[in-house]
Structure formats: C-alpha cells, structure tokens
Peer 1: 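This is the structure I have questions about; it appears just below.
Chain letters run A, B, ... following the sequence lines, proteins first and then strands; every chain starts at 1.
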Protein chains: 2
Amino acid sequence: MRGYGQYCPVAKAAEVLGERWTMLIVRDLMEGAHQFNDLYAGLPGISRTLLSQRLRRLQADGLVERRNGAARPGYWLTALGLDLQPAIFALGEWAVRNYGHDPKRDELHPEVLMLWIERHVQRDALPPGRYVVRFEFRGARPPRAWLVVEDRTPTVCHDDPRFECDLVVSADIPTLHRVFAGRLAVSAALREGSLVLDGTADERRRFTRWFGLSPFAPAARALAG
Amino acid sequence: MRGYGQYCPVAKAAEVLGERWTMLIVRDLMEGAHQFNDLYAGLPGISRTLLSQRLRRLQADGLVERRNGAARPGYWLTALGLDLQPAIFALGEWAVRNYGHDPKRDELHPEVLMLWIERHVQRDALPPGRYVVRFEFRGARPPRAWLVVEDRTPTVCHDDPRFECDLVVSADIPTLHRVFAGRLAVSAALREGSLVLDGTADERRRFTRWFGLSPFAPAARALAG
DNA sequence: CAGTATCCTCGAGGATACTG
DNA sequence: CAGTATCCTCGAGGATACTG
C-alpha cells in the first residue's frame with residue numbers, strides 16, 4: 001500500500017495497518033501465535049506467500065521482529081507493535097458493541113475456533129504431565145478435535161491422538177463460540193444443556209478454570225447486561 | 001474488500017475500515033467535513049469515483065448516512081460511526097507516540113493543512129461579521145492562503161478574496177504544522193520568530209483563541225514533556 | 001518446518017468525459 | 001455542486017512447484 005502522503009496520525013496508522021490481513025496478523029501475535037505455521041493456520045484464506053510478505057513488511061515497519069535465538073524461532077511484536085494493543089482492542093470493542101450478534105454459519109471454522117481456544121487456555125489451571133480433552137462438535141465438520149496438553153502446553157489435534165481422554169466437551173460450534181466470546185456463560189450453557197461435560201466431577205470443575213475466554217468477553221458480557 | 005470469514009471482532013472492524021481511504025474518510029467526517037467536495041479536498045490522491053464508492057460502502061455498512069433535509073445536504077456519521085471515535089483516536093495516539101517526528105517535505109500540503117486549520121477553528125472566539133486572515137507560507141507553493149470568516153463560518157481561499165485583512169500569519173509550512181499538531185507551542189513559536197503575527201495587539205491576542213489545534217495535540221504535547 | 005520463485009489472472013481503481 | 005459511466009491499465013495476490 002502506498003502511503004497517503006498526509007502527515008496525519010490516523011493516516012500513518014492506516015498506512016501501517018491498513019493492508020489486508022495485517023491487523024489480523026498483529027492480533028494473532030498479540031494472542032500468542034509466533035510460528036509461521038501457527039499464524040498461517042489462524043488465517044484461513046491467506047496464502048503462504050502473502051503471509052510471508054506481510055510479515056516482512058511488518059518487520060520493515062518495526063512492529064515485528066524475528067527471534068532466532070529462542071528454542072523455537074518465531075515472530076514477536078516489538079515494543080512498537082505491543083503498543084498497538086489498546087487501539088486494536090478499542091476497534092474490537094467497537095465491533096463487539098455493534099455487531100456482536102448473529103455469526104454466519106460459514107464464519108465459524110471449527111479449526112480456527114479451536115486454535116483460539118488453545119491460545120487462551122489458562123495454563124496454570126492445567127495439571128502437570130499429559131492431559132487430553134476431546135471436543136465433540138455435534139454435526140459440524142470435522143466432527144471432533146482433541147486438545148492435547150503436555151507439561152501445561154496445549155496443542156490442538158484434528159486426528160485422534162489415541163490417548164485416553166480426561167474430559168469430553170460436547171457442544172455445537174455456535175454454542176462453543178458463544179461461550180468463548182463471553183456471550184453465553186459456561187454455567188448457563190451447562191444448565192440449558194447446549195454444553196455438556198463428560199468426566200469426573202473434579203475434571204468438570206477444572207474445565208471452568210482452564211477454559212479461557214476471548215479478550216473481548218468482558219465487553220460482550222457487559223452488553224448482555 | 002471481501003470479508004475474512006472469521007467471526008472475530010478485530011476481523012469485523014478490519015473488514016469495515018480496512019479498505020484504502022475508508023479510515024481517513026471517517027476521520028474527516030468526525031472532524032466536521034460533510035460535503036462531497038470538502039471530503040474530496042481533504043484526501044489528495046483519491047479519485048471522485050473512488051470517494052463516491054467508499055461513501056456508498058460506508059452507508060451500506062451503516063457508518064454514514066446522507067442527510068438531504070438540512071440546509072446543505074451532506075454525509076454524516078451515524079451513531080455506529082460516531083462510536084468509532086475512541087478506536088480511531090487510539091490508533092492516532094499510537095502513531096503520535098511512535099512516529100511523531102520528521103514529517104517529510106512532500107507530506108505537508110499547504111492546502112490540506114489549511115483545511116485542517118479551517119475545520120478546527122474555535123468559532124466562539126471569532127468576531128461576528130466578516131473577518132479575514134492571510135497566511136504567508138514563506139517560500140512554499142502556493143505561497144499564501146486566506147481564511148475568510150463570514151458570521152463565524154471560516155472558509156479557506158487560495159485566490160485573493162480582495163478583502164482587507166484583519167491579521168497576517170507568517171510561518172513556513174513545517175512550523176505551522178508543528179504548531180497545529182501541538183508539537184510547538186504558539187508562544188514558543190512566536191518567541192523564536194518562526195511564527196509571526198501581523199495585526200493589532202487585540203488581533204494578535206485573538207489568534208491564540210480561535211486557532212484550534214489538532215485533536216492529537218494533547219498527546220503530542222504529553223510526549224514533549 | 002518455514003518459507004521462496006515464477007507465472008498468470010482478474011479486479012480495483014485511474015483517466016476521461018459526461019450529467020442532473 | 002455532486003456526482004456517474006465507460007474504458008483501460010497494472011499490480012496485488014492466487015496457484016503451483018520448488019528449496020534450505
């Protein structure tokens with residue numbers, strides 16, 4: 001995107017963030033995605049070429065840096081990029097306030113939703129060692145997914161990992177999304193039966209602690225009243 | 001712009017605001033531009049066709065409505081559009097915090113700067129009747145412009161209106177911009193002589209009251225210390 | 001796993017001329 | 001003053017195949 005040739009703060013922000021996908025990449029980096037393939041999985045429709053290009057542009061603009069030193073190399077927001085948090089949050093809150101309703105059927109990819117859930121798992125609430133949860137989507141395709149935790153690090157699997165499951169979570173995708181988004185309380189979903197937990201009483205209780213909600217859940221909750 | 005097919009608040013916001021020019025159009029509407037030609041003048045580089053298209057899209061998305069009833073028909077933000085103010089402001093503040101320095105020479109159009117100044121004039125501080133101020137840009141092209149006020153309504157003229165001037169403001173464009181942006185206090189500019197006011201003592205004093213700064217001036221000032 | 005190189009398409013938007 | 005219609009260009013990005 002060419003610049004606007006206007007020395008206006010809003011124009012400058014639009015210049016850096018205005019290209020297609022860029023804001024979503026920043027959002028994903030904020031929510032804990034750092035590897036190329038992790039980012040790629042969270043952006044259905046983008047091509048690998050384009051993601052690569054956008055990441056290079058973000059590096060050139062100083063919002064993102066590639067860290068090679070760590071155990072797993074990856075992309076991280078710089079201080080400049082992290083400083084965008086309040087602004088991106090304000091944009092999201094605007095959308096929540098005004099468009100918070102009726103997700104269209106084809107806007108709910110089970111894979112992406114599971115990725116978001118994975119990214120927001122409350123790690124401290126997870127048990128040590130291996131921990132496996134199966135999600136049953138009730139008629140969606142794919143019909144199920146697994147959240148496999150090893151040493152408090154969750155990973156979504158779409159193929160049966162063939163481990164014993166500590167808990168089974170059953171809900172259709174819209175319900176699971178409404179819960180994640182904070183528009184339906186876990187307790188209310190359990191009560192009405194749109195969300196069903198299958199496991200020991202301890203595990204069912206533990207779910208409410210490790211299952212993290214969207215950062216926009218408080219805003220959505222505030223709307224509901 | 002096609003949507004992202006993701007039911008995420010940030011994606012939704014990016015969908016509505018992410019097209020080139022759209023955010024700047026919203027910004028201009030927030031700052032008091034309402035007529036097609038007024039918007040057009042504030043967006044150097046856009047084509048009339050594209051502006052028209054973007055305005056139609058903004059109407060379809062519910063951010064803008066066309067009001068035909070008023071004395072001058074024009075485009076106005078709806079409640080949905082106005083609700084974007086905090087988010088757009090946060091984006092601008094991010095840019096001010098991080099890119100607040102070194103405007104490039106060709107990013108400072110005298111015409112656009114004068115338009116911004118016109119839009120932020122403090123009307124209550126203007127005298128009734130006709131009031132005319134000439135701006136001398138010291139070597140820029142065009143070299144001067146007039147702010148003609150009739151009944152507290154300011155209009156920028158780039159051709160000599162042939163009225164007597166109540167005040168002459170001399171400053172090069174970068175200085176005038178720094179003052180408008182809040183990065184150089186009027187008092188400091190006057191002291192160092194980069195801004196010169198020519199008129200009666202009363203008129204010179206009045207200038208500091210009607211000359212309004214950018215909405216981002218407080219953020220810029222805060223940076224300066 | 002994390003990208004890059006190459007080719008090709010198609011649609012956004014510029015230029016120009018026009019209108020109520 | 002406030003746009004619209006038409007034509008045409010060019011460059012963003014998809015598809016595909018490839019690599020350290």
Peer 1: Quick check for you: among C/dG13, D/dG13, C/dT4, whose closest atom lies nearest to any side-chain atom of A/Arg54?
Peer 2: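 When the side chain of A/Arg54 is considered, D/dG13 is the closest of C/dG13, D/dG13, C/dT4.
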Peer 1: Nearest to the side chain of A/Leu50 - C/dG3, D/dA2, D/dG14?
Peer 2: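 Comparing C/dG3, D/dA2, D/dG14 against the side chain of A/Leu50, the answer is D/dG14.
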Peer 1: So, is the end of the A/Arg130 side chain (NZ or CZ) under 6.0 Å from the ring centre of A/Phe163 and within 45° of the ring's axis?
Peer 2: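 Yes, a cation-pi geometry holds between A/Arg130 and A/Phe163.
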Peer 1: Given the ring of A/Phe137, does A/Arg144 sit roughly above its face, with NZ or CZ under 6.0 Å from the centre of the six-membered ring and within 45° of the axis?
Peer 2: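 Relative to the ring axis of A/Phe137, which defines the angle, A/Arg144 lies outside at least one limit.
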Peer 1: Is the shortest distance from a Lys or Arg side-chain nitrogen in A/Arg134 or A/Glu136 to a carboxylate oxygen in the other one below 4.0 Å?
Peer 2: yes
Peer 1: Tell me whether the side-chain N/O atoms of A/Ser52 come closer than 4.0 Å to OP1 or OP2 in C/dG3.
Peer 2: no
Peer 1: State the CD-CG distance between B/Glu118 and B/Asp38, to the nearest 0.5 angstrom.
Peer 2: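 Interatomic distance, B/Glu118 CD to B/Asp38 CG, rounded to 0.5 Å: 6.5 Å.
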Peer 1: Given pairs defined as Watson-Crick or G-U wobble with both distances under 3.5 Å, what dot-bracket annotation applies to DNA chain D, with ( ) intrastrand, [ ] crossing, | other strand and . unpaired?
Peer 2: ||||||||||||||||||||
Peer 1: Of all the choices, D/dG13, C/dG3, D/dA5, which nucleotide is nearest to the side chain of B/Thr49 once you look at every atom?
Peer 2: D/dA5
Peer 1: Between A/Ile46 (CD1) and D/dG14 (P), how many Å, whole number?
Peer 2: 8 Å
Peer 1: Roughly how many Å is it from CZ in B/Arg72 to P in D/dC1, rounded to a whole number?
Peer 2: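 Roughly 9 Å, once rounded to whole Å.
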Peer 1: Within residues 25-40 of chain A, which residues have any heavy atom lying less than 4.0 Å from an atom of DNA chain C?
Peer 2: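 Here the set is A/Gln35, A/Phe36, A/Asn37.
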Peer 1: Indicate yes or no: does B/Glu31 engage B/Arg119 in a salt bridge with an N to O separation below 4.0 Å.
Peer 2: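 A salt bridge is absent here (no side-chain N lies under 4.0 Å from a carboxylate O).
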Peer 1: Which nucleotide, C/dA2, D/dT4, D/dG3, lies nearest any side-chain atom of B/Arg56?
Peer 2: D/dT4
Peer 1: Which nucleotide in the list C/dG3, D/dT4, D/dG13 gets nearest to the side chain of A/Gln53?
Peer 2: D/dG13
Peer 1: Donor-acceptor check, side chain of B/Asp160 to backbone of B/Arg162, threshold 3.5 angstrom: yes or no?
Peer 2: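 Yes, B/Asp160 side chain to B/Arg162 backbone: donor-acceptor pair under 3.5 Å.
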Peer 1: A/Arg20 has a side chain; which of D/dG13, D/dA2, C/dG3 sits nearest to it?
Peer 2: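 My answer, after comparing the listed nucleotides, is D/dG13.
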Peer 1: What residue among A/Glu203, A/Glu150, A/Arg152 forms side-chain hydrogen bond (donor to acceptor under 3.5 Å, both in side chains) with A/Tyr131?
Peer 2: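 Exactly one candidate clears the test, A/Glu203.
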Peer 1: Please work out which of the three classes, parallel, tilted or perpendicular, describes the rings of A/Phe36 and A/Tyr75, given edges at 30° and 60°.
Peer 2: tilted
Peer 1: Nearest whole Å is fine: how far is D/dG20 C1' from A/Asn68 CG?
Peer 2: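 In whole Å, D/dG20 C1' and A/Asn68 CG are 14 Å from each other.
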Peer 1: Could you tell me whether the side chain of B/Trp94 and the main chain of A/Leu80 form a donor-acceptor pair under 3.5 Å?
Peer 2: yes
Peer 1: Rounded to whole angstrom units, what separation is found between the CZ atom of B/Arg48 and the C1' atom of C/dG14?
Peer 2: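 Atom CZ in B/Arg48 sits about 14 Å away from atom C1' in C/dG14.
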Peer 1: Rounded to the nearest angstrom, tell me the gap between atom CG in B/Leu55 and atom C1' in D/dA2.
Peer 2: 11 Å
Peer 1: D/dT4 C1' sits how many Å from B/Arg66 CZ, rounded?
Peer 2: 14 Å
